[in-house]
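Keep in mind that this is a model prediction, so the values were computed, not measured.
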Amino acid sequence: GLLRSDSIPEVGEDAAATISMAETLSEEERDELRKELAKVEEEIQTLSQVLAAKERHLAEIKRKLGINSLQELKQNITKSWQDVTSTTAYKRTSETLSQAGQKASAAFSSVGSVITKKFEDVRNSPTFKSFEEKVENFKSKVGGSKPAGGDFGEVLNSAANASATETIAEQTEEETH
């Protein structure tokens, strides 16, 4: 009687199927099912009370040990992180990212080397040398006090200052005539 081979209707099945099943039960089977229902409800109530008592006992033990919610949360996070980091997927991903980082670093390093080499090539090119000589000649003609061959930045600054001085001198001469 208690274990029937009839299927129990699932959520969403036709109401008609449920009603027809209830109609096929004898009065004796219905009484037996009602008793079983009451028994299961009573067991659930008892288990709920036992669970509540166990939870109160657990809370009391934690209070005595000085364990609070924040500490529990920290422990749970630490444990979860350890669980994640021990997975094969995490280890593979970590290794892949590490290798990708190393490759990216090597690529940036080689790009930097290429750029440095290109700048050196430009500085050693005949065109740049010719330009540098012209700037130094201009500087010496303008009357730079330093001997030729100074730092390129200094040469450019001197040339800019000299041409500005030259422009002011020309303006002054024009005003006096």
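Put simply, NZ on Lys118 and OG on Ser125 are 12.0 Å apart, with the number rounded to the nearest 0.5 Å. Taking CG of Leu47 as the start and CD of Glu42 as the end, the distance is 10.5 Å to the nearest 0.5 Å. To the nearest 0.5 Å, the span separating CG on Leu51 from OG1 on Thr46 amounts to 12.5 Å. For the atom pair OG1 (Thr88) and NZ (Lys91), the distance works out to 6.5 Å, reported to the nearest 0.5 Å. Atom CD in Glu29 sits 12.0 Å away from atom CD in Glu36 (nearest 0.5 Å). The line from CZ of Phe108 to OG of Ser113 is 13.5 Å long, rounded to the nearest 0.5 Å.
Arg123 approaches Lys129 most closely through the heavy-atom pair O-CE, 4.0 Å.
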Inset, instruction - Start with the C-alpha gap between Leu37 and Leu33, add the side-chain angles, then the distance that decides, and say whether side chain to side chain contact (heavy atoms under 4.5 Å, CB included) holds. - result: CA-CA 6 Å; Leu37 177 65; Leu33 286 174; over 6 Å; no
Inset, instruction - In sequence, state the C-alpha distance, the side-chain angles, and the governing distance for Glu60 and Lys64, and then conclude on side chain to side chain contact (heavy atoms under 4.5 Å, CB included). - result: CA-CA 6 Å; Glu60 182 65 23; Lys64 287 179 181 178; 3.3 Å; yes
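The backbone N or O of Asn68 sits less than 3.5 Å from a side-chain atom of Gln71, completing a donor-acceptor pair. Under the 3.5 Å distance criterion, the side-chain polar atoms of Ser130 are left unmatched by any main-chain donor or acceptor of Pro126. Panel note: side chain Ser80, backbone Asn76; a donor-acceptor pair is recorded below 3.5 Å. Judged by distance alone, with hydrogens and angles left aside, the side-chain atoms of Thr78 form a donor-acceptor pair with the main-chain N or O of Lys74 at under 3.5 Å. For the pair Ser109 (side chain) and Ser105 (backbone), a donor-acceptor distance under 3.5 Å is absent.
The residues Lys35 and Asp31 are annotated as not salt-bridged, no charged nitrogen and carboxylate oxygen being separated by less than 4.0 angstrom.
Within 6.0 Å of the CD atom in Glu43, the count of heavy atoms belonging to other residues, nucleotides or ligands exceeds 12.
In the hydrophobic cluster analysis, where Ile, Leu, Val, Met, Phe, Trp and Tyr join through side-chain heavy atoms closer than 4.5 angstrom, Val111 is grouped together with Phe119. The hydrophobic cluster containing Ile67 also contains Ile61, counting ILVMFWY residues as joined when their side-chain heavy atoms lie under 4.5 angstrom apart, directly or transitively.
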